[in-house]
Amino acid sequence: MSVLETRLGQVGLPNPIMTAAGCGGAGRELGRFFDVAKLGAVVTPSIMSEARAGRPAPRLAETPSGVLNATGLQGPGIGTFLSRDLPWLNEQGARTIVSIAGNSVREYAEVAGRLADAPGVTAVEINTSCPNVEDRGLMFAAHPSAAAEVVRAVRAHTRRGVPVLAKLSADVTDVVGVAMACVDAGADGLSMINALHGMAIDTATLRPRLAGVTGGLSGPAIRPVAVRCVYQVHAALPEVPIIGMGGVRTGLDALELLLAGASAVAVGTVNFHDPSACVRILRELDGALRERGIGRLSDIVGLAHKPAGTLIRRIDPNVGVDEPIEQETLQ
Amino acid sequence: MSVLETRLGQVGLPNPIMTAAGCGGAGRELGRFFDVAKLGAVVTPSIMSEARAGRPAPRLAETPSGVLNATGLQGPGIGTFLSRDLPWLNEQGARTIVSIAGNSVREYAEVAGRLADAPGVTAVEINTSCPNVEDRGLMFAAHPSAAAEVVRAVRAHTRRGVPVLAKLSADVTDVVGVAMACVDAGADGLSMINALHGMAIDTATLRPRLAGVTGGLSGPAIRPVAVRCVYQVHAALPEVPIIGMGGVRTGLDALELLLAGASAVAVGTVNFHDPSACVRILRELDGALRERGIGRLSDIVGLAHKPAGTLIRRIDPNVGVDEPIEQETLQ
Amino acid sequence: MSGADAPVQVPGTVLTMRRTGAYHTMTLVAPGVAERFRPGQFVALAVGGEQTGMLMRRCFSVREVTSDYGGTIEVVFAVRGKGTEWLAALRPRDILDVAGPLGRPFPLPRDPVTCVLIGEAHGSAPLFPLATVLRQRECPLHFVLGGADSDHVYGARGARRAGDSVSVATEDGSLGDRGHVTGLLPGVVEDVEAAVVYACGPLETLRAVTRTAAEYGIPAQVAVEEPMPCGTGVCMACVLPVVGDDGSTHMLRSCVDGPVFRGERVRWDDIGTIPFDALGAPRAVRLGERP
Amino acid sequence: MSGADAPVQVPGTVLTMRRTGAYHTMTLVAPGVAERFRPGQFVALAVGGEQTGMLMRRCFSVREVTSDYGGTIEVVFAVRGKGTEWLAALRPRDILDVAGPLGRPFPLPRDPVTCVLIGEAHGSAPLFPLATVLRQRECPLHFVLGGADSDHVYGARGARRAGDSVSVATEDGSLGDRGHVTGLLPGVVEDVEAAVVYACGPLETLRAVTRTAAEYGIPAQVAVEEPMPCGTGVCMACVLPVVGDDGSTHMLRSCVDGPVFRGERVRWDDIGTIPFDALGAPRAVRLGERP
Ligand SMILES: Cc1cc2nc3c(=O)[nH]c(=O)nc-3n(C[C@H](O)[C@H](O)[C@H](O)COP(=O)(O)OP(=O)(O)OC[C@H]3O[C@@H](n4cnc5c(N)ncnc54)[C@H](O)[C@@H]3O)c2cc1C
Ligand SMILES: Cc1cc2nc3c(=O)[nH]c(=O)nc-3n(C[C@H](O)[C@H](O)[C@H](O)COP(=O)(O)OP(=O)(O)OC[C@H]3O[C@@H](n4cnc5c(N)ncnc54)[C@H](O)[C@@H]3O)c2cc1C
Ligand SMILES: Cc1cc2nc3c(=O)[nH]c(=O)nc-3n(C[C@H](O)[C@H](O)[C@H](O)COP(=O)(O)O)c2cc1C
Ligand SMILES: Cc1cc2nc3c(=O)[nH]c(=O)nc-3n(C[C@H](O)[C@H](O)[C@H](O)COP(=O)(O)O)c2cc1C
Ligand code: FES
Ligand code: FES
């Protein structure tokens, strides 16, 4: 299984597949379907300083190959997270990436500060798509300087060995600019993409389908946007590890993001559709790499940027693979 | 059928359904499946000053509920368009909205100038998603000032009675800002959205699936983004007519964009899937309006912005409509 | 992970499909689900096939389980939208992904007490496996069933076999009394001296059931059927304001903390809102917030 | 609009599905298509059902048409990706949307001249309706068929009935000669003193056929099978560099200007590029351009 090992800055992970923030609960829920320690990591829902009730229902709407959500970051707050959820994840032997959120730079810093001494935090992911109450509710992710300010504050409150990842939104004119600002401000890696800003209207009631009016569009529908963002940012910042996400449904989808430049891949919305998705995708990815004669995951990170004809065995789409694929490795 | 009449600034249209630029050929192709004069309008592919061979193949890739394209605006140039395509459309009795494109403000102005004396131009739509060769290839749509400059030039070269519509990209941090700049510069209406910037990688060849590497993502996958953009811009500029587009597949999808604030609806990618889509959608929309007791299309433009409980008959989603729907009107 | 009360996810094979009034009854071979099932639990089905653009699961109460073929489950459903349309078109031997059994089951009385089981429309379905278990505990059972018309009353015949009495109401009077099913409840509760009411149906019905039970000072165990896009607790879409043991209101996921709740714990009037006193409720309205 | 040579779009009903070697043969009742069909034309099928996330049409050559049931068409296909997988799972009475007949048919000789029909893999399919028409014109017919192995040679038996001779080659030698089908062509053309070659198959094969025909100074009519996402001329994805009557190169849509081209007009070496001398070719490379 060593073929699947990957790195996010200072830390190594046994494999690149993880849950996406807010799409895999705190681990317990999916833990009824598989052992969460088998994943590269579990990314938690974005944790804020206090408990949050979230938005009223309806919170989700189905769209073609996608889902719109306005859940409003319902969660228990950092206190309960540290006393209840994180210990459970540690007990399972899971690697935990804690996603954090805030409505001001101070709130991010506060949450990061409370995480600093917690055991078993593999990395901190900053959800920069929150509205900044100190700047007309504009999301931090919208402006390089605002995103950078949050990154700087969180980096300052986080222990050295723990990577800080900035999670970016694709709803910007220039995602590379935001990415660069975050890296300059100390981000050890980047996660992308968050859900796109979207909306749906119910043609029966003639009203918005979400109580929150607009929401985040996720799922396979947005995968091409995710691939494009990862590709662009990897081209500009080839040394910066990226967690790619957006519509990953199969092992080949995960491979697509790796080829674009991601070092790890998170699975979000598809968990709703298939609670075993993460382990299935991991198995499929393992098979796909073997099929292509890829010995190490790191060999293919960003490979789509390189001219055709490197060492990897490309598969003739007209023929497929001759040898039966070994599927023994996982589980 | 008067229920379906709509207006785009100075001009009235018998109904709101049209082809989207570049997705309905020059009318002739779909004309083999239905009478193009039945549509509210035919929007042409974006015409440039000279003939263009476009991009190499592969130009299209299928994605979940979407299509990625990098066709590169292949077209005959304004000369052949005026001598060959426009006369054909006029003969059919179609209303023609001419989409124009350029790589410099001068080129847009030149194409608009050559259209000025052509008979049978119902409106001019400016495709602002082209790269500006005079500004590092950045697309005009990315910056309010660049988009405004193009609009100003085209408006100056277009006859008074002919509305000029600015077609916007959703790949920006603030679509409302771009919309306002275009309207301030003289746009009589707005079209939105163009395809999202996306990419796909072939997991067999390990290379980008499009020869153009990145391309435009369109189809039902992006409809929630289109609805959101139309809704936001209509909220900010309620008097400005909008042609809504992005993933419209059914009459109810068209209704969704009208409720968000569009006065007309263009059908793009779905024409590839169903060459009769435009007339089918028109028929379905007509049925849907009747079902809901809507007497005039203009009564529902932007209705989703208004509090529940206006005069329109909302449909109980649990029950649907009792009476059989009259389907006689169209065709 | 695993454990006897953890759900399974298995490919289900359609064994039979048949019409029952306005409903479709589908029996699936779904090994592992039947043996874990307890009344009140549900299954979450993937719809649309392998390339489906419909990412949300469709949840259905289980009508019956058997141990045939390694375990079968039966669900009863109405065609409502695209997903149930797809389900209705399935034929024997078709395969679809099944996750279940999910959710908290109906709590059962320790002693053989008199139970009223009230269901509206397809909401009657989960009452049948409950009835079987209650019978084993020697509880007297009284069914109260209703629907828009006779076609939309599910299980009246089965209830006659399973229960000590059956009362039926339809909105149009085509079967039983004319009126809403909840109109019958006070009479039945009083007549049979019910000790508990079990209910399943739309929110309005459950709210009315809760009110009636409270009036008679007996508990109501109600199973909600709010939209549950995942059914497994990860999407946070199915929340209801529910008063916890600590006396404060929590936004609970009805798929994992329900679908069965004690009626009086649910804040029926506040459904569709975040009550201002709920744990973590916003202190002020924040506009334009993104998820 | 309308007109006898305009295509139709109709719901097609699956009449039969069967396996033929490595291929699936599907017969559809598709009224209107059969009566308009001319050899070399194709149909574009919608795949995935009503809620499909697959927006591109799948195009297939027509193998045979009959006037039964108001008009049937037969297509022969290999499972390749998600769309053909979906097609292969169809059963009789299933319905799918059909548009056709599409594209320019094979031009026919005025006089009864000797024709060689060469097809690789499923590319043989469109040669059969062509053979029927050529036979009516009393043209001597010689088939040259090939594929990777015997399972991938389509129609060898039918060709024996329809043609004056049949030559077969497979890559693995499991049927006929070992080697590529185009290796047989020069011999056959010489032997039968062919006046024209008709061909269908992958680009490489068509390029080789064109070269051979040129060597013998006879025309090659080749039907291409490049990806055609719409089949109706609106998506601009299926372009090939083709030399026009004006002597200059145009990027022509193979769905409406083809699929049949005169082989020597196609700039085989430049496929997948925009030749610098094509009409409207970029004067300089423009990077990062958006569509
Ligand atoms: C625990 C539970 C048990 C249920 N048991 C039954 C049953 O036994 N028989 C039955 O006919 N129905 C039952 N339902 C309702 C059933 O899930 C919906 O009718 C069905 O999901 C509608 O799907 P659709 O694709 O036809 O509609 P769509 O409108 O296309 O569905 C879109 C999404 O919204 C959800 N949704 C839409 N309407 C409802 C609704 N009324 N209730 C819940 N979710 C909805 C769907 O699950 C899906 O995720 C139950 C629901 C739940 C939560
Ligand atoms: C005019 C014409 C006639 C054809 N006739 C036949 C035939 O008689 N029998 C047969 O088996 N095949 C034929 N093909 C090829 C057939 O269309 C493809 O194999 C099929 O569309 C693949 O679809 P998929 O969903 O399985 O593959 P996917 O890879 O999922 O397809 C994705 C998209 O790419 C297109 N595509 C992918 N591969 C090909 C290909 N090799 N050629 C063309 N389009 C492709 C598909 O049409 C679709 O739009 C023909 C193609 C054309 C253009
Ligand atoms: C219901 C839901 C809740 C989410 N919650 C969070 C969150 O708490 N923090 C965050 O950074 N992203 C959140 N996301 C975004 C996902 O982590 C992910 O970036 C996005 O959905 C794209 O991936 P996907 O298409 O695989 O879902 C949420 C998405 C959904 C659908
Ligand atoms: C193949 C293709 C070609 C297009 N060409 C143009 C064009 O020439 N000019 C333009 O303004 N938009 C063009 N578009 C964008 C569409 O007009 C439309 O804005 C977009 O596809 C979203 O609508 P849809 O989802 O209905 O396709 C093109 C889209 C596609 C898929
Ligand atoms: S249905 Fe997803 S959390 Fe309950
Ligand atoms: S296949 Fe779309 S233009 Fe030819």
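First the proteins, then the strands, lettered A, B, ... as listed; each starts at 1.
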Original post:
Does a sphere of radius 6.0 Å around CD in Glu264(C) hold more than 12 heavy atoms from other residues, nucleotides or ligands, not counting ones at 6.0 Å or beyond?
Top reply: yes
Original post:
Should Leu60(A) and Met56(C) be marked as a side-chain contact (heavy atoms from CB on, under 4.5 Å) after you check the CA-CA gap, both sets of side-chain angles, and the distance that decides it?
Top reply: CA-CA 9 Å; Leu60(A) 251 68; Met56(C) 293 183 173; 3.7 Å; yes
**OP:** Could you tell me which portion of Leu102(C) (side chain, backbone, both or neither) has an atom closer than 4.5 angstrom to a non-hydrogen atom of chain A?
**Re:** side chain
**OP:** Examine whether an atom of Arg28(A) lies under 4.5 Å from a heavy atom of chain C, and if so say whether it belongs to the side chain, the backbone or both; otherwise answer neither.
**Re:** neither
**OP:** Pick whichever of Gly24(A), Gly22(A), Ala53(A), Ala51(A) has the most heavy-atom pairs under 4.5 Å with chain C.
**Re:** Ala53(A)
Original post:
Do Glu29(A) and Arg253(C) sit within salt-bridge range, that is, some charged N less than 4.0 Å from a carboxylate O?
Top reply: yes
**OP:** Answer with side chain, backbone, both or neither: which region of Glu62(A) has an atom nearer than 4.5 Å to a non-hydrogen atom of chain C?
**Re:** both
Subject >> For Phe60(C), ring-ring contact (aromatic ring centres under 6.0 Å, His included) partners two or more places apart >> reply: Phe77(C)
**OP:** Can you establish whether the number of heavy atoms outside Glu35(C) located under 6.0 Å from its atom CD is more than 12?
**Re:** yes
**OP:** Return yes if some donor-acceptor pair links the side-chain N/O of Gln74(A) with the main-chain N/O of Met251(C) below 3.5 Å, else return no.
**Re:** yes
Original post:
Among Ala99(C), Ala44(C), Cys230(C), Gly48(C), who wins on heavy-atom pairs under 4.5 Å with chain A?
Top reply: Cys230(C)
Subject >> Portion of Pro275(A) that has a non-hydrogen atom of chain C nearer than 4.5 angstrom >> reply: both
**OP:** Could you tell me which non-hydrogen atom of His273(A) sits nearest to which non-hydrogen atom of Ala46(C), and how far apart they are?
**Re:** CE1-CB, 3.9 Å
Subject >> Proximity breakdown for Ala141(A) and chain C, heavy-atom pairs closer than 4.5 Å >> reply: neither
Subject >> Which atoms of Thr249(C) approach chain A - backbone, side chain, both or neither, heavy atom under 4.5 Å >> reply: neither
**OP:** Sequence neighbours left out, what pairs pass salt bridge (Lys or Arg N to Asp or Glu O under 4.0 Å) with at least one residue falling in residues 238-252 of chain C?
**Re:** Asp245(C)-Arg265(C)
Subject >> Gln9(C) side chain vs Ser276(A) backbone, donor-acceptor pair below 3.5 Å >> reply: yes
Subject >> Which portion of Val8(C) sits near chain A, non-hydrogen atoms under 4.5 angstrom >> reply: backbone
**OP:** Go through Pro56(A), Ala101(A), Pro45(A) and name the one with the most non-hydrogen pairs under 4.5 angstrom from chain C.
**Re:** Pro56(A)
**OP:** For chain C, find which of Gly54(A), Pro64(A), Gly77(A) contributes the most heavy-atom pairs closer than 4.5 angstrom.
**Re:** Gly54(A)
**OP:** Tell me, yes or no, whether the heavy-atom count around Arg267(C) atom CZ, taken from other residues, nucleotides or ligands under 6.0 Å, exceeds 12.
**Re:** yes
**OP:** Return the option, out of Gly219(A), Ser46(A), Gly66(A), with the maximum number of heavy-atom pairs under 4.5 Å with chain C.
**Re:** Gly66(A)
Original post:
Distance-only, no hydrogens or angles: does the Arg32(A) side chain make a donor-acceptor pair with backbone N or O of Ala6(C) under 3.5 Å?
Top reply: no
**OP:** Only pairs at least two apart or in different chains count here, so list each side chain to side chain donor-acceptor pair (under 3.5 Å) that has a residue in residues 220-230 of chain C.
**Re:** His122(C)-Glu225(C)
Original post:
Hey, is CZ on Arg38(C) packed in by over 12 heavy atoms from elsewhere, all under 6.0 Å?
Top reply: no
Original post:
Which of residues 232-243 of chain C get closer than 4.5 angstrom to chain A, counting heavy atoms alone?
Top reply: Thr232(C), Gly233(C), Val234(C), Cys235(C), Met236(C), Ala237(C), Val239(C)
**OP:** Heavy-atom pairs under 4.5 Å with chain C are the metric here; pick the option from Met48(A), Arg249(A), Glu50(A) that has the most.
**Re:** Arg249(A)
**OP:** Examine whether an atom of Pro229(C) lies under 4.5 Å from a heavy atom of chain A, and if so say whether it belongs to the side chain, the backbone or both; otherwise answer neither.
**Re:** both
